[in-house]
Structure formats: C-alpha cells, structure tokens
Amino acid sequence: MPELPEVENTRQYLLRSGLAGQRLGAPEITWAKTVREPSVGEFIEGVAGRTVTDVQRRGKYLIAPLDDGQYLVLHLGMTGSLRIHDAGREPPPMLRHLFPLDDGRELRFIDPRKFGHLWLLTDPADAMSKMGPEPLEPTFTIGALTESLAARKAPAKALLLEQSVIAGLGNLYADEALFLSGIHPERTANTLSDDELSGLHRAIVTALTRSVAAYAAARDAEWPDPPTALSPWTIPRAAGEGCPRCATTVEMIRVRGRSSWYCPACQPKDVT
DNA sequence: AGTACGTCCTGATCGC
DNA sequence: TGCGATCAGGACGTAC
C-alpha cells in the first residue's frame, strides 16, 4: 500500500508529468467524505483557478503549494493512486475525483477503498507538526529513534507504524525493517539494546532507500505509465515461503490487528 | 500519557 | 456454480 516509497514515486511522477505550472479547474469530488478540510464547497471553490507551483512530500502526504499561498494536501490512504491523463482518455475503474488541468489533461484520483483524503490548508506544516522525522533525511538519527522508543512498552512493530515516531513507514516496510534488523515484531520497544536500535535505524534507511531506487528504475523503464506499486522487499508475505536468508518457513502473527510476517529463526522473540 | 481496539470502505479470495 | 464470510490496513476516535 502507499507508504513513503510509493508516495515519493507518485510525487516524482507528478513532477515529471508537468503538474507544476498547471492551473486547476473546479475539481469533481464524487465522495464528499474524502475532503477533510475545509467544507467540500469551500475546497472546490478554493482550488478552482489556482496554479500548482510544486509537489512536495511529508511522510505519506503529498503537498502541492498553490499560487495563492494555500496548499492542496493529498493522502492516498491504502488504495489510492494518482494519474495524469488526457481528458478524453477512458476513465479507469474506481476513479473517485478529478482535477481538470488547463492544458487539456486531468489529474485523476483513483481509490477503490475510499480511504484517501484531501485538504486545502493555509499552514500544512502546523497541521503536520506532530509527525516524526523523515527517515531519509539527516534529522532521522539513531538518537532520535532511541529517544522515541525508550519509554515505550508497546511492541516495536506497533511503534514503527506511528507517524509521530517515524514519518512514512507502513505495515509492509515496518515488517521489512524488522526483518533486516533481526527484531521480532512483538519485542517490547524499551527492551531493545543499543545495537538493536542502531541496526533497526540502518534497516529502515536501507529498506526505504532500496525501494525508492526500485521505483525510480521502474519509472524510467515504463514511462509514461510507471507502476504505482512494486514489491521491493525481501521478507515474503505468503504462507509456506522460505526466509531469503536462512530458508526457514516464514510465519505471520497479528500485531495490533496488522498482519506481521517474520522469520522465526532470524527474528527470535526471546533474546538471551 | 500510553496502550489497545473498532471504524471506515470495497475488491479479491475462500469455504461450503 | 454461487453466495456469504473474511481479509487487506492508514489514520483517527474512543475507551481504559
């Protein structure tokens, strides 16, 4: 599902498609609950006629500054994706919203499960002030990770999903980072050793960096319709599959209601 | 405050 | 073959 690498891929796709510089027409919103702020009417009125000046990303949020100082903010939820196509082209199934562009194309918001959301904000930085560090920027340090986990008794897996701890991780990359660092998903966060914390920090950066690169290569190879989803992780997510490191059959448990795949040999629950 | 869990959604898949 | 039940999980609201 859209996590940091997928959202970053979307950002790069939108920029390369020339969204910046385009003036938006009145958006067609077919699922009103998608708009979180302001009202749907104010959102449509506020977006119409404005020009997009850039596409930025914070965690899993896409932020498009507009030429009047406001910001169009998008979250893809679990199944959302964005495409820019000619207005005449057959609309895809599950098209939920569209933003007409002044060059005859349109920005399409496709979202089967309707978990994506839209905002029109004057101060997105304030709205996102509780979000944790960007894992691919220098602010994400071992010290920052240690500090945010030190007093927590929840399972490590659950905390990796909290956007206030790290911005941009989701269920799949959380599992991947735990696998790469050899940490069982149910390990209590405040029992992680210094070595485990530094290994987890490195694993998060490695997993995300690897995936961002995989998307970049796919964009180049498959332009102008690059994939919105790859599977650029190493821990298998299917019953009966073997660990890529030791061939032990991987297992799945539920942590906070989320499926968590791990290798019982490489990620022991009890560390001595 | 920290932790845990239900809720929103619908296409795909599973079991009888 | 068909149909109901289950699963998937990001972020938030609520409860303890």
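A note on names: the letters A, B, ... follow the listed sequences, proteins ahead of strands, and every chain is numbered from 1.
Pairing each heavy atom of A/Arg108 with each of A/Pro92, the nearest pair is NH1-CD, 3.5 Å. Smallest separation of non-hydrogen atoms from A/Ile235 and A/Cys263: CD1-N, 4.0 Å.
With ring centers used as reference points, A/Trp119 lies under 6.0 Å from A/Tyr61.
If you walk DNA chain B from 5' to 3' and mark each nucleotide with an atom closer than 4.0 Å to a heavy atom of chain A, the marks span B/dG2 to B/dG11.
Note on A/Ser259: only backbone sugar-phosphate atoms sit closer than 4.0 angstrom, heavy atoms only; bases stay farther off. Residue-level contact check: A/Pro155 touches the backbone only, with heavy atoms under 4.0 Å from sugar-phosphate atoms and none from bases. Within the 4.0 angstrom heavy-atom criterion, only backbone atoms of the sugar-phosphate kind lie near A/Gly170; the bases stay farther away.
For the OP1/OP2 pair of C/dA11 and a distance below 4.0 Å, the side-chain nitrogens and oxygens of A/His75 include at least one atom meeting the criterion. At the phosphate of C/dG10, neither OP1 nor OP2 sits under 4.0 Å from any side-chain N or O atom of A/Gln163.
For the pair A/Arg83 and A/Tyr13, the distance from NZ or CZ to the six-membered ring centre is under 6.0 Å and the angle to the ring normal is within 45 degrees.
Under a 3.5 Å cut-off, the side chain of A/Arg202 and the backbone N or O of A/Thr206 do not form any donor-acceptor pair.
Residues A/Val55 and A/Met128 are members of separate hydrophobic clusters, defined by side-chain heavy-atom contacts under 4.5 angstrom among Ile, Leu, Val, Met, Phe, Trp and Tyr.
C/dC12 atom P lies 8 Å from atom CE of A/Met131, rounded to whole Å. Look at CZ on A/Arg237: it is 16 Å from P on C/dC7, rounded to the nearest Å. Summarising the geometry, the separation between CG on A/Asp175 and P on C/dG10 is reported as 10 Å, rounded to the nearest angstrom. When rounded to the nearest whole Å, the span between NE2 of A/His117 and P of C/dG10 equals 13 Å. Summarising the geometry, the separation between CG on A/Leu62 and P on C/dG10 is reported as 16 Å, rounded to the nearest angstrom. The CG atom of A/Leu4 sits 11 Å away from the P atom of C/dA11 (whole-angstrom rounding). Summarising the geometry, the separation between NZ on A/Lys33 and P on C/dC12 is reported as 15 Å, rounded to the nearest angstrom. Across the protein-nucleic acid pair, A/Glu6 atom CD and C/dA8 atom P stand 18 Å apart, rounded to whole Å.
Side-chain to base pairing of A/Arg113 with C/dA8: one donor and one acceptor N or O lie within less than 3.5 Å of each other.
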- Message: Working note: A/Glu6 + A/Thr228, criterion side-chain hydrogen bond (donor to acceptor under 3.5 Å, both in side chains); need CA distance, chi angles, decisive distance, verdict.
- Response: CA-CA 7 Å; A/Glu6 288 74 25; A/Thr228 56; over 6 Å; no

- Any chance you could lay out the salt bridge (Lys or Arg N to Asp or Glu O under 4.0 Å) test for A/Lys157 and A/Glu186, step after step, and finish with the verdict? CA-CA 6 Å; A/Lys157 169 67 182 287; A/Glu186 288 181 314; over 6 Å; no

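Distance from the side chain of A/Met252 is smallest for C/dA8 among the nucleotides C/dA8, C/dC12, C/dG10.
Between A/Glu134 and A/Arg58 there is a salt bridge, with a side-chain nitrogen of the basic residue lying less than 4.0 Å from a carboxylate oxygen of the acidic one.
Comparing A/Met94 and A/Arg256 by the nucleotide of DNA chain B that holds the closest heavy atom to each, the one mapping nearer the 5' end is A/Arg256. Between A/Phe115 and A/Tyr61, the residue anchored closer to the 5' end of DNA chain C is A/Phe115, taking for each the nucleotide with the nearest heavy atom.
Considering A/Met252, A/His184, A/Lys269 as possible partners of A/Tyr262, the one that fulfils the side chain to side chain contact (heavy atoms under 4.5 Å, CB included) test is A/His184.
Remark: DNA chain B takes part in the stems B:2-8 with C:10-16, B:10-16 with C:2-8, each of 3 or more antiparallel Watson-Crick or G-U pairs, criterion distances under 3.5 Å.
As rounded to the nearest Å, C/dC7 and B/dC5 have P atoms that lie 16 Å from one another. A gap of 16 Å separates the P atoms of B/dC9 and C/dT14, to the nearest Å. C/dT6 sits 14 Å from B/dG6 when the P atoms are compared, rounded to a whole Å.
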